[in-house]
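Encoded as structure tokens, the structure appears first; notes follow it.
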Protein chains: 2
Amino acid sequence: MFSRTVEYAMRAMVALAAGDGRPMTTRQIAETMKVPQSYLSKVLQSQVRAGLVHSTRGLRGGFVLARKPEDLNMMEILNAVSPYKRIETCPLDQEGHSSDLCPLHSRLDMAMAMVQEAFEGTTLAEILSEDNPCPTLQAQLETLKPSMPDPKS
Amino acid sequence: MFSRTVEYAMRAMVALAAGDGRPMTTRQIAETMKVPQSYLSKVLQSQVRAGLVHSTRGLRGGFVLARKPEDLNMMEILNAVSPYKRIETCPLDQEGHSSDLCPLHSRLDMAMAMVQEAFEGTTLAEILSEDNPCPTLQAQLETLKPSMPDPKS
DNA sequence: CACTAATCAGATAATTATATCCAATTTACT
DNA sequence: AGTAAATTGGATATAATTATCTGATTAGTG
């Protein structure tokens with residue numbers, strides 16, 4: 001149901017939220033989250049354009065969350081890569097400006113509304129705080145952290 | 001969120017359910033539901049293969065629902081054109097056979113579960129019985145019925 | 001100031017989804 | 001039997017998504 005792009009965006013944002021405050025590179029995120037690296041950069045660019053992430057170029061650069069994980073929800077992440085278009089008017093009734101949807105599209109939109117609500121109500125912080133994290137994710141993050149800033153001192 | 005194919009499939013099935021028992025042709029359905037005719041035939045073939053619709057060829061042929069609208073739900077229609085794959089295992093943890101999902105994918109799957117439940121719980125009959133049908137759909141169906149079998153008598 | 005690590009942006013390729021077209025087949029009616 | 005109406009299936013075209021690559025840009029380091 002959700003596109004691969006959405007999947008990747010969510011994974012990347014979780015990775016960022018799971019890190020310490022320092023910028024993470026696309027390579028780090030890609031390896032941790034098993035996302036094609038060069039596609040990830042596109043996905044992250046969307047997050048930057050949407051203002052959810054800050055990017056800094058150059059050495060020691062990378063991506064950092066623009067806000068605290070507590071007020072960054074799943075809906076914003078999804079919207080950044082593929083705008084969520086609720087069904088406003090019945091596509092079968094292009095002329096009528098009546099605000100009501102037909103029963104079919106009312107149902108379809110209701111499903112979308114449920115998803116929207118669920119996603120809006122779930123922050124990155126909430127995702128991180130749960131007690132059954134991906135074992136792989138945990139392990140990867142452990143090994144990545146120490147090996148990162150190592151200017152021979 | 002839902003692909004165009006899914007949209008078309010739902011529209012077509014509603015059109016069939018709204019008709020009298022006689023077979024409807026792709027052209028009738030396409031015009032009523034504003035779906036590209038030649039693509040609709042592919043969509044309907046999926047419904048036939050899934051056993052939701054019966055097709056009869058030749059003159060006076062067309063498509064008929066295989067079951068009563070009361071026990072044909074939205075989920076079956078969706079599944080016929082694009083199988084709904086719930087998230088069974090965390091894609092980040094390919095090795096572990098642990099049945100638990102990580103918090104992220106648990107959320108994603110939960111959203112899918114909600115949609116699935118909503119769709120499974122909504123039959124074509126229910127959609128037809130609601131009191132705010134598409135004006136266009138109503139009108140089209142009215143005009144189509146009388147003008148159909150008209151061999152110059 | 002040059003070098004290097006890193007993102008950014010644009011071009012391009014590959015894959016999938018959407019849509020159309022046409023020949024073959026089936027069926028009913030005259 | 002012959003013809004018109006209809007689905008079926010295959011081939012093909014177009015558009016959107018997904019993915020990769022390459023050069024340009026930026027920032028830190030010595």
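As the structure is a computational prediction, the values presented were derived from the model and not from experiment. So you know, we letter chains A, B, ... as the sequences are listed, proteins then strands, and number each from 1.
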Side-chain heavy atoms of A/Leu124 within contact of A/Val14, under 4.5 Å: yes
Could you pull out the closest heavy-atom pair between B/Ser38 and B/Ser41, with the gap in Å? O-OG, 3.3 Å
Output the rounded distance in Å from NZ (A/Lys85) to P (D/dA16). 11 Å
When you check the phosphate oxygens OP1 and OP2 of C/dT7, does a side-chain N or O of A/Thr56 lie under 4.0 Å from one of them? no
Expected output is a numbered-order residue list: members of residues 35-46 of chain B with a heavy atom under 4.0 Å from any atom of DNA chain D. What is it? B/Lys42, B/Gln45
Centroid-to-centroid, B/Phe2 to B/Tyr8, below 6.0 Å? no
In whole Å, I'd like the distance from the CE atom of B/Met1 to the C1' atom of C/dA17. 18 Å
Per A/Leu59 side chain, nearest of listed nucleotides D/dG28, C/dC29, D/dT8: D/dG28
To the nearest Å, give me how far apart CZ (B/Arg60) and C1' (D/dA6) are. 11 Å
Hydrophobic cluster membership, B/Leu128 vs B/Leu65, 4.5 Å side-chain cutoff: yes
Can you tell me the distance, in whole Å, between the CD1 atom of A/Ile29 and the C1' atom of C/dA6? 13 Å
Once you apply a heavy-atom cut-off of 4.0 Å, does A/Gly58 come out as touching a base, just sugar-phosphate, or nothing? base
Please tell me whether A/Phe119 and A/Tyr84 are part of a single hydrophobic cluster in this structure, the criterion being side-chain heavy atoms less than 4.5 Å apart. yes
Between A/Arg27 and B/Val6, which is nearer to the 5' end of DNA chain C once each is assigned its nearest nucleotide? A/Arg27
Other ILVMFWY residues reachable from B/Met114 by side-chain steps of under 4.5 Å: A/Met114
Would you call A/Arg60 and A/Arg22 a side-chain contact if the rule is heavy atoms closer than 4.5 Å? no
Output yes when at least one side-chain N/O atom of B/Tyr8 is less than 4.0 Å from OP1 or OP2 of C/dA19, else no. yes
According to a strict under-4.0 Å criterion, is B/Thr5 in side-chain N/O contact with OP1 or OP2 of C/dA17? no
Between B/Arg57 (CZ) and C/dT26 (P), how many Å, whole number? 6 Å
OP1 or OP2 of D/dA19 under 4.0 Å from side-chain N/O of A/Arg4: yes
B/Arg22 CZ to C/dT27 C1', straight-line distance once rounded to whole Å: 18 Å
Tell me the interatomic distance from A/Phe2, atom CZ, to D/dT17, atom C1', rounded to whole angstroms. 17 Å
